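Taking it in order: structure first as structure tokens, then the write-up.
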Amino acid sequence: VFDLSFTYPDNNIHAVKNVSFDVKEGEYVAILGANGSGKSTLARLLCGFLEPDSGKIEIEKNKLRGIVFQSPDDQIVASIVESDTAFGLENLKLPKEEIDSRVTERLECVGLSHKKTSQTFALSQGQKQKLAFAGITAMKPSLLVLDEAVSMLDEKSRTEILDLIDETVKSDCTVIHITHDLSEACRANRIIAMDDGSIIFDGSKNDFMNQPNLVKQLFGEPLSSFIDSEKNDIIKSEKASFSLENICFSYSVDRTTKIFENLSLNLFPGTLTALMGPSGSGKSTLLEIASGLLV
């Protein structure tokens, strides 16, 4: 990547500014930065989804590139899980036996074997993210770009996918992992930090962690330092500002597979509430119901 720059024409935002770096074959690089730093734009430039205003990207010929987006809905194209996993392989014109083998292996790796014949729209956001990862890695790209590709997963699933990424690197695949999570970035051998569209650090993870002012510049103070649990206990004595009462919901037409049954929840003004649970537990569905996107 040499002197790469890109500006979004609609709003004149200079998202990437004179960015240059080299990545060796088989290297594991994390591109780290806060929201709006230019990471996702850089990912799309690297995979050819955007054309730079200036500069150039040089990649060896016949090297297959793959990207897993932060929002899996942007890349899921089939209505059935196994069909979506097979989509890229079919475009590579692989033999059916090879396609079936890779689909089975990848879905098993990401824990979606039991969803093989399920409809993709009925998956949770975390499960969709696993599906997107399975479909891209099934093609065995030489360059794998991950754009916040585990952001919607619970801790257990996130660790499993990160372990799979480690295994992918061992197969001589070059991985560029774009993230704003410091623990994810420290899985890589090398960290590139971005801020306001420019590279502000490029070096080892140890060197990065030895610069506390830089870490603080990118991520600010830990959230825990702003939480006053005693104040929250006082606020909860007030009337709830948002309530869900006896919510029932199912994605299936016959309502046999229920996501929620008689779920109730109260949220209070001035409080910070964490909604937690494994992939498929209903977190994203609950938020869509609360915002009126699902009924």
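Heads up: numbering here begins at 1 and tracks the sequence. All of these numbers come straight from a predicted model, not from anything done at the bench.
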What do the steps show when you test Ser40 against Asp147 for side chain to side chain donor-acceptor pair (under 3.5 Å), and what is the final call?
CA-CA 6 Å; Ser40 292; Asp147 184 15; 3.0 Å; yes
Check step by step if side chain to side chain contact (heavy atoms under 4.5 Å, CB included) holds for Leu42 and Ile176.
CA-CA 11 Å; Leu42 180 59; Ile176 297 178; over 6 Å; no
Test your reading of the model: is there a side-chain donor-acceptor pair from Gln125 to the backbone of Ser284, 3.5 Å cut-off?
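Side chain of Gln125 to backbone of Ser284, a donor-acceptor pair under 3.5 Å: no, none is there.
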Check: Gln127 side chain, Ser124 main-chain N or O, donor-acceptor pair, under 3.5 Å
yes
Check each of Leu144, Val29, Val145, Leu162 against His177 using the side-chain contact (heavy atoms from CB on, under 4.5 Å) test, and report the only one that passes.
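Among Leu144, Val29, Val145, Leu162, the one meeting side-chain contact (heavy atoms from CB on, under 4.5 Å) with His177 is Leu162.
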For a quick check under 3.5 Å, do Asp196 and Ser198 share a side-chain donor-acceptor pair by atom type?
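No, no side-chain donor-acceptor contact under 3.5 Å.
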State whether a side-chain donor-acceptor pair under 3.5 Å links Ser243 with Asn266.
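Short answer, yes.
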Should [X] and [Y] count as side-chain neighbours, where that means a heavy-atom distance under 4.5 Å?
X: Val1; Y: Asp22; value: no
X: Arg190; Y: Asp202; value: yes
X: Lys63; Y: Leu143; value: no

Run the salt-bridge test on [X] and [Y] with the 4.0 Å N-O cut-off and return the result as yes or no.
X: Lys128; Y: Asp74; answer: no
X: Arg158; Y: Glu155; answer: yes
X: Asp100; Y: Lys96; answer: yes

For Phe49, which residues count as a ring pair (Phe, Tyr, Trp, His ring centres under 6.0 Å) partner, sequence neighbours excluded?
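Partners of Phe49 by the ring pair (Phe, Tyr, Trp, His ring centres under 6.0 Å) criterion, ordered by chain and then number, come out as Phe69.
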Partners meeting ring pair (Phe, Tyr, Trp, His ring centres under 6.0 Å) with Phe260 (sequence neighbours left out)
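So Phe260 forms no ring pair (Phe, Tyr, Trp, His ring centres under 6.0 Å) with any residue.
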Rounded distance [0.5 Å steps], CZ in Arg106 versus CG in Leu164
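So the gap between those two atoms works out to 6.0 Å.
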When rounded to the nearest 0.5 angstrom, what distance separates CG in Leu107 from OG in Ser113?
6.0 Å
How does the hydrophobic cluster around Val77 look, that is, which other residues are in it when side-chain heavy atoms under 4.5 Å mark a link?
Phe87
